[in-house]
Amino acid sequence: MYSTCMKNDRYVVKCLIVSEYVTLEKFIVDTGARFSCCNYRIVDGDLCEEQLAGCETKYIGGFVQGETVRFYRYLLKQFAVGNIDMGVRDIWLTFDERVTDIILGMDILKQMMIILNPYNRRIYFCKDAEDYQRHFMLAMP
């Protein structure tokens with residue numbers, strides 16, 4: 001299990017990214033975002049757009065004043081949300097310098113259990129049902 005608290009009306013989680021480099025970065029938890037995405041520099045500052053020419057692309061809106069931005073599917077060797085190892089995962093990268101947010105979207109979030117607690121303003125992440133049962137117990141009326 002991993003948890004974090006709300007700050008400035010956002011939940012931010014530390015994520016481990018492994019590509020050619022190992023990076024620890026803060027992602028914004030966004031349950032309204034379909035995809036996890038960021039600027040390529042977060043993953044690999046040496047990457048160039050030509051290297052991703054054969055990768056799947058998507059145009060995603062909402063990052064820059066409603067304009068669509070081109071993203072490339074990029075396979076990571078490992079991705080972890082806090083201490084929860086998600087293994088090999090895709091993330092969507094852009095070379096558009098206007099994109100500064102680092103988003104953890106539903107493509108990754110739907111693969112784990114998420115518990116929001118409005119009373120302590122914390123969000124909890126569990127890898128699976130066993131992890132959930134070890135850390136939480138539902139109160140009986």
Side-chain angles (χ1 to χ4, degrees), residues 1-140:
M1 183 194 67
Y2 173 74
S3 73
T4 188
C5 61
M6 183 182 286
K7 291 181 183 166
N8 300 323
D9 290 325
R10 286 186 163 177
Y11 287 108
V12 178
V13 296
K14 290 181 183 175
C15 295
L16 175 76
I17 305 165
V18 180
S19 61
E20 297 306 312
Y21 302 96
V22 176
T23 307
L24 186 62
E25 195 61 57
K26 292 180 181 177
F27 278 66
I28 299 165
V29 176
D30 188 345
T31 59
R34 290 180 57 199
F35 306 104
S36 299
C37 47
C38 62
N39 189 284
Y40 78 98
R41 292 180 196 273
I42 301 300
V43 173
D44 183 348
D46 295 331
L47 202 59
C48 63
E49 198 163 1
E50 292 76 31
Q51 291 173 278
L52 302 182
C55 294
E56 180 183 352
T57 61
K58 281 195 182 301
Y59 289 88
I60 303 172
F63 281 94
V64 183
Q65 301 171 342
E67 294 180 33
T68 58
V69 174
R70 183 179 193 167
F71 285 86
Y72 297 87
R73 183 188 296 263
Y74 185 79
L75 185 65
L76 298 171
K77 295 176 182 175
Q78 181 184 5
F79 187 83
V81 177
N83 61 355
I84 300 174
D85 183 6
M86 301 299 293
V88 175
R89 289 289 176 266
D90 291 327
I91 192 166
W92 293 86
L93 303 181
T94 187
F95 291 84
D96 190 322
E97 296 298 333
R98 301 173 298 169
V99 175
T100 57
D101 285 345
I102 306 167
I103 303 297
L104 183 62
M106 288 305 295
D107 55 340
I108 292 176
L109 291 171
K110 70 181 178 185
Q111 298 174 38
M112 63 180 76
M113 297 182 77
I114 305 167
I115 298 98
L116 293 168
N117 185 333
Y119 301 109
N120 65 4
R121 298 175 55 128
R122 292 193 76 80
I123 186 170
Y124 300 88
F125 301 87
C126 298
K127 182 169 179 82
D128 51 29
E130 182 181 327
D131 189 21
Y132 173 81
Q133 289 173 345
R134 274 198 317 259
H135 295 96
F136 293 94
M137 184 173 66
L138 293 175
M140 299 301 289

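None of the values given here were measured: they were computed from a predicted structure.
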Check: With distance as the sole criterion, is a donor-acceptor pair present between the side chains of Y40 and E49 under 3.5 Å?
Finding: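 Note: Y40 and E49 side chains miss the donor-acceptor criterion.
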Please report the interatomic distance [atom1]([X]) to [atom2]([Y]), rounded to the nearest 0.5 Å.
{"X": "L75", "Y": "S19", "atom1": "CG", "atom2": "OG", "value": "10.0 Å"}
{"X": "F71", "Y": "E56", "atom1": "CZ", "atom2": "CD", "value": "13.5 Å"}
{"X": "I91", "Y": "I108", "atom1": "CD1", "atom2": "CD1", "value": "6.0 Å"}

Please check if the side chain of [X] supplies one atom and the backbone of [Y] the other of a donor-acceptor pair under 3.5 Å.
{"X": "K127", "Y": "D85", "value": "yes"}
{"X": "N117", "Y": "R122", "value": "no"}
{"X": "Q51", "Y": "C48", "value": "yes"}
{"X": "T94", "Y": "D96", "value": "yes"}
{"X": "S36", "Y": "G105", "value": "yes"}
{"X": "D101", "Y": "I103", "value": "no"}

Check: Under 6.0 Å between ring centres, would you say that holds for F27 and F79?
Finding: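 F27 vs F79: aromatic centres under 6.0 Å.
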Margin query: Ignoring hydrogens, what is the shortest heavy-atom contact between I42 and C38? Give both atom names and the distance.
Written below: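 The pair with the smallest heavy-atom distance is CB-SG, 3.8 Å.
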Check: Which heavy atom of V43 sits nearest a heavy atom of L93, and at what distance?
Finding: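 That closest heavy-atom pairing would be CG2-CD2, 3.5 Å.
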Check: Are more than 12 heavy atoms from other residues, nucleotides or ligands located less than 6.0 Å from atom CZ of R34?
Finding: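 No, not enclosed.
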Notebook entry, point to check: Would you say R10 has more than 12 foreign heavy atoms packed within less than 6.0 Å of its CZ?
Noted result: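 For R10, atom CZ is not crowded (no more than 12 foreign heavy atoms under 6.0 Å).
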